[in-house]
**Q** 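My structure is below; once you've seen it, I'll send some questions.
Lettering of chains follows the sequences in order, A, B, ..., and the numbering in each one begins at 1.
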Number of protein chains: 2
Amino acid sequence: MMNATASALRQCSIAATLSLIGEKWTILILRDVFHGVTRFDDFLRRLECSPAVLSARLKTLTEAGLLRKVGYREPGERERFEYRPTRAAVELLPVLIGLMQWGDSHMTSCGEGPVQIRSQASGKLVRAALVDEDGELVSPRDMQIVPVGPRRTEGEP
Amino acid sequence: MMNATASALRQCSIAATLSLIGEKWTILILRDVFHGVTRFDDFLRRLECSPAVLSARLKTLTEAGLLRKVGYREPGERERFEYRPTRAAVELLPVLIGLMQWGDSHMTSCGEGPVQIRSQASGKLVRAALVDEDGELVSPRDMQIVPVGPRRTEGEP
DNA sequence: CAGTATCCTGAACGATACTG
DNA sequence: CAGTATCGTTCAGGATACTG
């Protein structure tokens, strides 16, 4: 939408998604949203970016359906706004967690990061992985890429 | 390394990883590598980017340990070079596949993309997901973020 | 074939000031 | 508190020409 070429966007959902969340501050906003941050001023203090950039990114994320801006008013106060993650944002969590864990493993000296992800229900550690239709783990070395394209019958050219 | 601020890099593996693979062409190079492309000229034709940019990105990816540049010589020919994905690159596959599938679901009109990912061994469809220590699927709504930080004893301030 | 070398443009970002 | 407005810088990327 903002940077990647039309050709790349047309052909590649990876590029399309990255053109949305790959900008410098966008991913950090999402991270903070999942940490429970909801208000403009709190983002501003935590991220230490310019208000113009923050405003622009929040707008992009909202328009893309990743955040929802809701107004609320506590009794006796004036209206405030919250930015809350949508279902689409939650569905990005495997990607965000995968990015975090890859960086922890490959880009830090100690091989671990400052936070862990756990299941609320069970308390067990959680990681991003590949699974098949039955929920069974699959090794990343065991992948094949299959074009689906315009449907064809079985024995095509 | 190239764009994100030091503060962001220090604190956030998500930002660090994205500063590496988040640039416009980098992710497309990785995609093509997993499609089996290995040579400079083939990347150039498929990506339609400038050779300077391609050269720079291949260098960055090689230095970051995601690609390995190997020379080979077929009998009677001069030396050629291949760029092959390393283990670290393979470990990024869950992220790449997650990005692709999120884009397929949320950024296309039809809700599906041009390729599917399948297990070579079983032929079953594969997707990126969150699993716990025992390999059981966990819902992205069921996450908690737990600081590990400098270790402390149980009942800290 | 596999790159380097240059020049140029656009836009993302930082800093700062201002407003309802 | 929650932004908008403006200005200047930097840098990724496009186009093109050149080289071993």
Side-chain angles (χ1 to χ4, degrees), chain A residues 1-9 15 18-29 32-33 37-64 67-84, chain B residues 1-9 15 18-29 32-33 37-64 67-84:
Chain A
M1 175 172 292
M2 344 221 55
N3 50 15
T5 59
S7 73
L9 288 176
L18 269 182
S19 80
L20 176 60
I21 67 163
E23 282 161 309
K24 184 172 169 181
W25 294 110
T26 307
I27 199 80
L28 298 173
I29 292 172
D32 280 359
V33 161
V37 178
T38 63
R39 280 157 52 171
F40 194 91
D41 213 50
D42 293 330
F43 286 115
L44 206 55
R45 267 193 301 274
R46 291 175 55 102
L47 296 177
E48 297 178 309
C49 69
S50 89
V53 170
L54 177 60
S55 177
R57 292 296 155 269
L58 288 173
K59 194 163 295 179
T60 305
L61 284 171
T62 304
E63 285 166 4
L67 297 181
R68 199 172 3 125
K69 180 179 181 177
V70 294
Y72 68 101
R73 185 192 302 264
E74 290 174 22
E77 304 230 356
R78 63 181 176 73
E79 191 170 27
R80 299 288 177 75
F81 297 99
E82 286 186 325
Y83 294 89
R84 296 229 168 249
Chain B
M1 175 174 293
M2 343 224 56
N3 49 16
T5 59
S7 72
L9 288 175
L18 268 182
S19 79
L20 176 60
I21 67 163
E23 282 161 308
K24 184 172 170 182
W25 294 109
T26 307
I27 200 81
L28 298 173
I29 292 171
D32 280 0
V33 161
V37 178
T38 63
R39 280 157 53 170
F40 194 91
D41 213 50
D42 292 331
F43 287 116
L44 206 55
R45 266 193 301 275
R46 290 175 56 102
L47 296 177
E48 297 180 309
C49 68
S50 90
V53 169
L54 177 60
S55 176
R57 293 295 155 269
L58 288 173
K59 194 163 295 179
T60 304
L61 284 171
T62 303
E63 285 167 3
L67 296 181
R68 199 172 3 125
K69 180 180 182 177
V70 294
Y72 68 100
R73 184 193 304 266
E74 288 174 22
E77 304 230 355
R78 63 180 178 72
E79 191 170 24
R80 300 288 177 75
F81 296 99
E82 287 187 325
Y83 294 89
R84 296 228 168 252

**Q** Considering non-hydrogen atoms only, spot the tightest contact between Gly22(A) and Leu18(B) and give its length.
**A** CA-CD1, 4.4 Å
**Q** Rounded to whole angstroms, how far apart are CZ on Arg46(A) and P on dC1(D)?
**A**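 Distance check: Arg46(A) CZ to dC1(D) P gives 16 Å.
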**Q** Once salt bridge (Lys or Arg N to Asp or Glu O under 4.0 Å) is applied, do any residues pair with Arg78(B), and if so which ones, sequence neighbours excluded?
**A**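 Arg78(B) satisfies salt bridge (Lys or Arg N to Asp or Glu O under 4.0 Å) with no residue once adjacent residues are dropped.
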**Q** Quick one: salt bridge (Lys or Arg N to Asp or Glu O under 4.0 Å) partners of Arg80(B), sequence neighbours excluded?
**A**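 In terms of salt bridge (Lys or Arg N to Asp or Glu O under 4.0 Å), with neighbours along the sequence ignored, Arg80(B) is linked to Glu77(B).
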**Q** Round to the nearest Å and state the distance from Arg73(B) atom CZ to dC1(C) atom P.
**A**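 In whole Å, dC1(C) P and Arg73(B) CZ are 17 Å from each other.
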**Q** Using the side chain to side chain contact (heavy atoms under 4.5 Å, CB included) criterion, which residues pair with Val53(B)? Sequence neighbours excluded.
**A** Trp25(B), Ser50(B), Arg57(B)
**Q** Going by the rule salt bridge (Lys or Arg N to Asp or Glu O under 4.0 Å), which residues pair with Arg84(B) if we only count those two or more places apart in sequence or in a different chain?
**A** Glu82(B)
**Q** Would you mind reading off the distance between Glu23(B) atom CD and dA11(C) atom P, rounded to a whole angstrom?
**A** 18 Å
**Q** Using atom NZ of Lys24(A) as one end and atom C1' of dG14(C) as the other, report the distance to the nearest whole Å.
**A**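 Between C1' of dG14(C) and NZ of Lys24(A): 8 Å.
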**Q** Hey, does Arg80(A) reach any base, or is it just sugar-phosphate, or nothing, if we go heavy atoms under 4.0 Å?
**A**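 Result for Arg80(A) = sugar-phosphate.
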**Q** Whole angstroms only, please: what is the CZ-C1' distance between Arg45(A) and dA2(D)?
**A**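 Rounding to the nearest Å, CZ of Arg45(A) and C1' of dA2(D) are 12 Å apart.
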**Q** Looking at residues at least two apart in the chain, or sitting in another chain, which of them share a salt bridge (Lys or Arg N to Asp or Glu O under 4.0 Å) with Arg73(A)?
**A** none
**Q** Starting at CZ of Arg57(A) and ending at C1' of dA2(D), how long is that distance when rounded to a whole Å?
**A**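 These atoms are roughly 18 Å apart.
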**Q** Please give, in whole Å, the distance from dC1(D) C1' to Glu82(A) CD?
**A** 14 Å
**Q** Under 4.0 Å: is that the gap between some side-chain N or O of Trp25(A) and OP1 or OP2 of dA12(C)?
**A**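 No.
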**Q** From the options dG14(D), dG13(D), dC13(C), select the nucleotide whose nearest atom is closest to the side chain of Cys49(B).
**A** dG14(D)
**Q** Who passes side chain to side chain contact (heavy atoms under 4.5 Å, CB included) against Thr62(A), sequence neighbours left out?
**A** Leu67(A), Tyr83(A)
**Q** Can you list the stems that DNA chain C is part of, where a stem is at least 3 pairs in a row, each Watson-Crick or G-U, with both distances below 3.5 Å?
**A**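 The stems that DNA chain C takes part in, listed by first number, are C:1-20 with D:1-20.
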**Q** Do Ile29(B) and Leu54(B) make a side-chain contact, defined as non-hydrogen atoms from C-beta onward lying under 4.5 Å apart?
**A**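 Heavy-atom side-chain distance check passes, below 4.5 Å.
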**Q** Do Cys49(A) and Phe43(A) have side chains that approach each other closer than 4.5 Å (heavy atoms only, starting at C-beta)?
**A**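 Sidechains of Phe43(A) and Cys49(A): no contact.
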**Q** Rounded to whole angstrom units, what separation is found between the CD atom of Glu48(A) and the P atom of dC13(C)?
**A** 16 Å
**Q** Please classify the nucleic acid contact of Arg78(B) as base, sugar-phosphate, or nothing, using heavy-atom distances under 4.0 Å.
**A**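 Base, at least one base heavy atom under 4.0 Å.
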**Q** Please list, pair by pair, any protein nitrogen or oxygen found under 3.5 Å from a nitrogen or oxygen in nucleotides 3-7 of chain C.
**A**
residue, atom, partner, partner atom, Å
dG3(C), OP1, Lys69(B), NZ, 2.9
dG3(C), OP2, Tyr83(B), OH, 2.9
dT4(C), OP1, Lys59(B), NZ, 3.1
dT4(C), OP2, Ser55(B), OG, 2.4

